[in-house]
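See structure below.
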Amino acid sequence: MSFDEEWAQLKAQALARQSTAMQIDQLPENGGGSAPAAGSVLAGVESINGSANLLIEIAGFLQEGRPDAELTTLAREPRAHSDVSAQVARFAGFAGDQYVHAIALFAALSTRLRAAGGTFVKVDTDTARSFLDTVLSDGQYIAPESR
């Protein structure tokens with residue numbers, strides 16, 4: 001197989017993989033509207049705010065179901081060897097820290113997503129306002145009977 005043939009084959013394979021990837025919807029280049037393609041992502045304020053609410057609910061559920069700090073009491077001396085007891089206490093401290101960080105991460109992601117939703121609304125409003133300003137300044141009214 002020549003280099004050109006192999007290159008064409010690899011390029012075709014890469015394009016085939018790329019076309020099946022998920023992508024954000026956008027209007028077609030001709031300006032016409034169409035329904036979103038299956039498997040595509042369409043951002044909306046309701047979905048952004050809903051996701052932010054879901055993240056904060058997850059953080060709340062995790063906080064309510066936090067592990068009991070006294071779970072390691074059975075692994076303390078004299079019931080367990082001192083080395084085992086020390087390692088269990090060390091692991092419990094580490095796990096507790098990771099748990100608190102996970103809750104904080106969910107809460108922070110919710111806050112950032114809510115801020116992104118606010119920015120999305122502002123950009124969307126600015127785009128609509130710009131479009132209406134263009135229509136009002138450059139548009140021309142034609143009476144229905146004159147069409």
Side-chain angles (χ1 to χ4, degrees), residues 3-4 6-77 79-142 144 147:
F3 173 78
D4 292 331
E6 185 178 0
W7 179 252
Q9 181 183 9
L10 291 172
K11 189 174 176 183
Q13 290 172 351
L15 286 173
R17 281 193 309 269
Q18 183 180 8
S19 66
T20 60
M22 186 167 57
Q23 59 187 10
I24 301 221
D25 279 342
Q26 59 187 13
L27 290 176
E29 290 184 22
N30 63 7
S34 65
S40 59
V41 176
L42 187 59
V45 146
E46 296 83 17
S47 68
I48 291 172
N49 286 339
S51 297
N53 291 339
L54 184 62
L55 286 170
I56 203 69
E57 283 182 33
I58 290 171
F61 286 139
L62 283 173
Q63 181 62 28
E64 288 301 316
R66 63 191 173 276
D68 186 8
E70 297 300 315
L71 287 176
T72 61
T73 55
L74 294 178
R76 291 187 186 158
E77 290 185 76
R79 291 185 178 172
H81 191 272
S82 61
D83 291 340
V84 172
S85 177
Q87 292 302 319
V88 168
R90 185 173 146 260
F91 176 76
F94 171 77
D97 287 345
Q98 293 299 307
Y99 187 79
V100 169
H101 292 310
I103 293 171
L105 178 65
F106 278 116
L109 286 172
S110 173
T111 302
R112 293 297 295 169
L113 195 55
R114 193 170 307 281
T119 303
F120 179 79
V121 168
K122 182 183 178 331
V123 168
D124 203 28
T125 302
D126 291 346
T127 302
R129 183 170 290 124
S130 172
F131 172 75
L132 289 175
D133 288 345
T134 303
V135 168
L136 291 174
S137 65
D138 299 339
Q140 182 180 16
Y141 175 73
I142 300 174
R147 291 185 200 177

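Every side chain to side chain contact (heavy atoms under 4.5 Å, CB included) that Ile58 has, sequence neighbours left out, goes to Leu54, Leu62, Phe106. Residues meeting the side chain to side chain contact (heavy atoms under 4.5 Å, CB included) test with Leu105, sequence neighbours left out: Leu109. The side chain to side chain contact (heavy atoms under 4.5 Å, CB included) test applied to Ala107 returns Ile56, not counting sequence neighbours. Evaluation of the side chain to side chain contact (heavy atoms under 4.5 Å, CB included) rule for Glu64 yields no partner, not counting sequence neighbours.
Across every non-hydrogen atom of Ala52 and Leu113, the tightest pair is N-CD2, 3.5 Å.
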Less than 3.5 Å apart, which donor and acceptor atoms pair up between the side chains of residues 85-96 and the rest of the protein, not counting sequence neighbours?
residue, atom, partner, partner atom, Å
Ser85, OG, Ala75, O, 3.3
Gln87, OE1, Arg90, NH1, 2.8

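Within the structure, side-chain hydrogen bond (donor to acceptor under 3.5 Å, both in side chains) pairs that include any residue of residues 103-116 comprise Asn53-Arg114 (at least two apart or interchain).
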